Amino acid sequence: MHDADRRNDLRAVIDLLLLGKCQKSLAVESIDSMSADEQNDVLALYEQVINQLPAALEAAKRIRGIDPAVRAVNPSPSDTEQ
């Protein structure tokens, strides 16, 4: 991967994060000071997090007792009164 492409990919990742101006500036400064190997490691970690996020969210739902396959819908009072 070319340095410019890698840097652009990292900046795209930073743009996805909820950061303030100062935090974003520090993040950009940090990636600009990284070696190519360090930048590749950061991109690999980001991809790993993104790839594992759906499974982690499902696990959290199961732990909290939320079954995404069966969602209970509360009927409105007018539906139960007949």
Side-chain angles (χ1 to χ4, degrees):
M1 180 182 283
H2 294 92
D3 288 342
D5 293 338
R6 187 181 311 105
R7 189 171 292 115
N8 288 338
D9 289 346
L10 286 166
R11 287 187 180 179
V13 169
I14 290 170
D15 288 339
L16 294 172
L17 301 173
L18 300 175
L19 301 174
K21 266 186 175 179
C22 185
Q23 292 168 322
K24 194 172 280 197
S25 175
L26 287 171
V28 169
E29 183 180 330
S30 295
I31 64 167
D32 286 344
S33 67
M34 289 180 183
S35 70
D37 288 337
E38 290 170 327
Q39 290 177 348
N40 285 335
D41 290 345
V42 169
L43 286 171
L45 287 172
Y46 173 76
E47 286 187 28
Q48 184 180 3
V49 167
I50 293 302
N51 290 335
Q52 293 178 0
L53 190 58
L57 290 173
E58 288 304 315
K61 287 178 183 177
R62 284 193 304 275
I63 289 169
R64 293 182 71 197
I66 301 170
D67 186 0
V70 179
R71 296 189 189 267
V73 177
N74 294 331
S76 68
S78 63
D79 290 341
T80 58
E81 296 173 9
Q82 291 183 2

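The residues of the chain are indexed from 1 along the displayed sequence. What you see is a predicted model; the values in this text were computed from it and never measured.
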**Item:** hydrophobic_cluster_shared for Leu19 and Val42, side chain cutoff 4.5 Å
**Value:** yes

**Request:** Measure the CG-CZ distance between Asn8 and Arg6 for me, rounded to the nearest 0.5 Å.
**Result:** 11.0 Å

**Prompt:** Tell me, do Glu47 and Val13 make a side-chain contact under 4.5 Å, heavy atoms counted?
**Reply:** no

**Prompt:** If Ile, Leu, Val, Met, Phe, Trp and Tyr residues are connected whenever their side-chain heavy atoms lie under 4.5 Å apart, and connections chain through other members, are Leu16 and Val28 in the same group?
**Reply:** yes

**Euclidean distance, Leu57 CG relative to Arg62 CZ, rounded to 0.5 Å** = 11.0 Å

**Asked** Looking at Ile31 and Ile14, what are the two nearest heavy atoms and their distance?
**Response** CD1-CD1, 3.9 Å

**Prompt:** Is Ile50 reachable from Leu17 through a run of hydrophobic residues whose side-chain heavy atoms are each under 4.5 Å from the next?
**Reply:** yes

**CG-OH distance between Asp9 and Tyr46, expressed to the nearest 0.5 angstrom** = 10.0 Å

**Message:** Using only atom types and a distance under 3.5 Å, with no angle test, would you say the side chain of Ser25 pairs donor to acceptor with the backbone of Lys21?
**Reply:** no

**Message:** Test your reading of the model: is there a side-chain donor-acceptor pair from Gln39 to the backbone of Arg7, 3.5 Å cut-off?
**Reply:** no

**Asked** Hey, mind stepping through Gln23 and Leu18 against side chain to side chain contact (heavy atoms under 4.5 Å, CB included) and telling me if it holds?
**Response** CA-CA 9 Å; Gln23 292 168 322; Leu18 300 175; over 6 Å; no

